[in-house]
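See below for the structure under consideration.
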Amino acid sequence: SNQVYKAFGKEQAEAFAQAMNTKVDIKFASSVSCVHALMNGYCDIASSARALYRRHREYGFQQVPICRDPIAVIVSSKCKVDALTERQLQDIFSGDIDNWKAVGGPDLPITVIVPSKDSAAHKNFRRHVMKHKEIAHDFMSHDSTMAIAAVAYFPPGTVSFISKGAAAHDKRVKALRIDGKAPTELDYPYFQTFFLVVKIGPSEPVKQFIDFAFTPEAKVRIKKYGMLPIDR
């Protein structure tokens with residue numbers, strides 16, 4: 001998954017390869033594409049920012065939750081706004097608010113960038129934040145994590161959303177507080193879960209990779225980027 005890869009997946013896979021003296025090949029795409037690749041035999045493990053559908057479990061696949069990841073609302077680090085209420089956030093992404101002046105910021109148009117509709121980031125944001133309402137946007141990025149670069153390069157009135165862990169790698173953007181809560185706080189309102197998805201009855205190397213995700217070292221990597229490890 002693009003979000004998992006950007007957040008800590010690449011670093012995790014490299015650490016596993018070094019610790020086990022083995023080779024790990026990584027490809028990244030949307031969560032849905034990753035799960036489809038696993039189901040069609042193109043990989044041994046998929047990571048996903050969305051839970052499996054029941055039919056996938058019935059087909060012989062299982063998901064292993066590894067961490068909870070805050071869905072961060074991101075703006076340029078130059079943006080003068082640091083916090084929004086949930087209602088303001090919903091109004092911005094529904095198109096009802098189109099200027100930062102309406103939420104206490106400068107007289108500056110709001111440009112809304114969203115990840116692809118096929119991405120887990122988009123689906124999770126629409127469910128958790130928008131309560132299934134449609135999202136109004138000016139631009140849509142091809143994959144979820146491209147939204148980070150877009151916010152960094154577009155004018156400072158730009159806003160988007162993405163994994164907090166993924167956004168933590170780019171200091172050109174910052175995450176807004178929502179209803180007074182930062183994404184690093186336990187009672188922050190919006191979280192998604194990152195999963196490893198494998199066939200039921202995985203091979204020994206796959207078991208080793210999963211076990212590695214729950215080691216103290218792996219949990220340190222997860223916490224470092226603002227995510228919360230899940231115990232088995």
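Just so it is clear, the structure is predicted and the values come from calculations on it, not from any experiment.
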Cluster check L108, V151: I/L/V/M/F/W/Y, side chain < 4.5 angstrom | no

Side-chain H-bond candidate by donor/acceptor type, Y190 with E86, under 3.5 Å = yes

Distance-only polar pair, side chains of N2 and T145, donor-acceptor under 3.5 Å | no

Got D231 and K219 here, is their nearest side-chain heavy-atom distance under 4.5 Å?
-> yes

Keeping the roles fixed (side chain from W100, backbone from I110), state whether a donor-acceptor pair exists under 3.5 Å.
-> no

Classify the side-chain pair S119/S116 by whether it contains a donor and acceptor separated by less than 3.5 Å.
-> no

Hydrophobic cluster identity match, I113 and I148, side-chain contacts under 4.5 Å | no

R68 side chain vs I230 backbone, donor-acceptor pair below 3.5 Å = no

Just by modelled atom types, is the L52 backbone N or O under 3.5 Å from a matching donor or acceptor in the Q63 side chain?
-> yes

How about H169: does its NE2 atom have over 12 heavy atoms from other parts shown lying under 6.0 Å from it?
-> yes

In sequence, state the C-alpha distance, the side-chain angles, and the governing distance for E14 and Q18, and then conclude on side-chain contact (heavy atoms from CB on, under 4.5 Å).
-> CA-CA 6 Å; E14 290 174 349; Q18 184 175 0; over 6 Å; no

Determine whether more than 12 heavy atoms belonging to other residues, nucleotides or ligands lie under 6.0 Å from atom NZ of K164.
-> yes

Among the clusters formed by ILVMFWY side chains lying less than 4.5 Å apart, do M130 and Y188 turn up in the same one?
-> yes

Looking only at non-hydrogen atoms, find the nearest pair between A136 and V112 and report the distance.
-> O-CG1, 3.5 Å

Neighbour count >12 (heavy atoms, 6.0 Å) for atom NZ, K224 = yes

Verify, without hydrogens or angle tests, whether R57 (side chain) and Q62 (backbone) share a donor-acceptor contact under 3.5 angstrom.
-> no

Which is it for E185 and R177 under the side-chain contact (heavy atoms from CB on, under 4.5 Å) test, yes or no, and what are the steps along the way?
-> CA-CA 10 Å; E185 297 181 53; R177 299 174 69 91; 3.2 Å; yes

Establish, from distance only, whether the side-chain atoms of Q12 and R221 form a donor-acceptor pair under 3.5 Å.
-> yes

CA sep, side-chain torsions, deciding dist, call: T111, V159, side-chain contact (heavy atoms from CB on, under 4.5 Å) | CA-CA 6 Å; T111 301; V159 64; over 6 Å; no

Donor-acceptor contact present, side-chain K174 to main-chain K171, <3.5 Å = no

Are any of the side-chain heavy atoms of K123 and H128 separated by less than 4.5 Å?
-> no

If you take all heavy atoms of A49 and N124, which pair is closest and at what distance?
-> O-ND2, 3.0 Å

Treating Ile, Leu, Val, Met, Phe, Trp and Tyr as nodes and any side-chain heavy-atom pair under 4.5 angstrom as an edge, say whether I92 and M140 lie in one connected cluster.
-> yes

Hydrophobic cluster identity match, Y53 and F61, side-chain contacts under 4.5 Å | no

Atom OG of S48 and atom NE2 of H56: how far apart are they, to the nearest 0.5 Å?
-> 10.0 Å

NZ/NE/NH1/NH2 to OD/OE distance under 4.0 Å, D211 and R232 = yes

From the list R50, Q3, R127, side chain to side chain donor-acceptor pair (under 3.5 Å) partner of Q192 resolves to Q3

Under 3.5 Å, which donor-acceptor pairs link side chains of residues 70-81 to any protein atom two or more places apart or in another chain?
unit_1: S76; atom_1: OG; unit_2: K78; atom_2: N; d: 3.0
unit_1: S77; atom_1: OG; unit_2: R172; atom_2: O; d: 3.2

Residues, nucleotides or ligands: over 12 heavy atoms within 6.0 Å of K131 NZ | yes

What is the ring orientation for F125 with F161, classed by angle as parallel under 30°, tilted 30 to 60°, or perpendicular over 60°?
-> parallel

Taking all atoms of both residues into account, what is the closest heavy-atom pair of K181 and P189, and its distance?
-> CB-CD, 4.3 Å

Without swapping roles, check the side chain of D143 against the backbone of M146 for a donor-acceptor pair under 3.5 Å.
-> yes

For the residue pair T193 and F191, establish whether any side-chain heavy-atom pair is separated by less than 4.5 Å.
-> no

Tell me, yes or no, whether the heavy-atom count around L186 atom CG, taken from other residues, nucleotides or ligands under 6.0 Å, exceeds 12.
-> no

Shortest non-hydrogen contact between D69 and S163, atoms and distance | OD1-OG, 3.0 Å

Are I178 and T85 side-chain neighbours, meaning at least one heavy-atom pair lies under 4.5 Å?
-> no

Closest approach of I135 and H122, non-hydrogen atoms and distance?
-> CD1-NE2, 3.8 Å

Does the side chain of S144 reach to within under 4.5 Å of the side chain of I162, using non-hydrogen atoms?
-> yes

side-chain contact (heavy atoms from CB on, under 4.5 Å) evaluation trace for L84 with V103 = CA-CA 7 Å; L84 295 170; V103 294; 3.9 Å; yes

Remaining members of the apolar cluster that contains F28, side-chain heavy atoms under 4.5 Å = V4, Y5, F8, F16, M20, V24, I26, I45, V64, I66, F194, L196, V198, V206, F209, I210, F212, F214, I222, Y225, M227

Less than 4.5 Å apart, any side-chain heavy atom of K133 and any of R126?
-> no

Examine distances only and state if a side-chain atom of S33 and a backbone atom of A29 form a donor-acceptor pair shorter than 3.5 Å.
-> no

Considering all heavy atoms of both residues, which atom of S1 and which atom of C34 are nearest to each other, and what is their separation?
-> N-SG, 3.3 Å

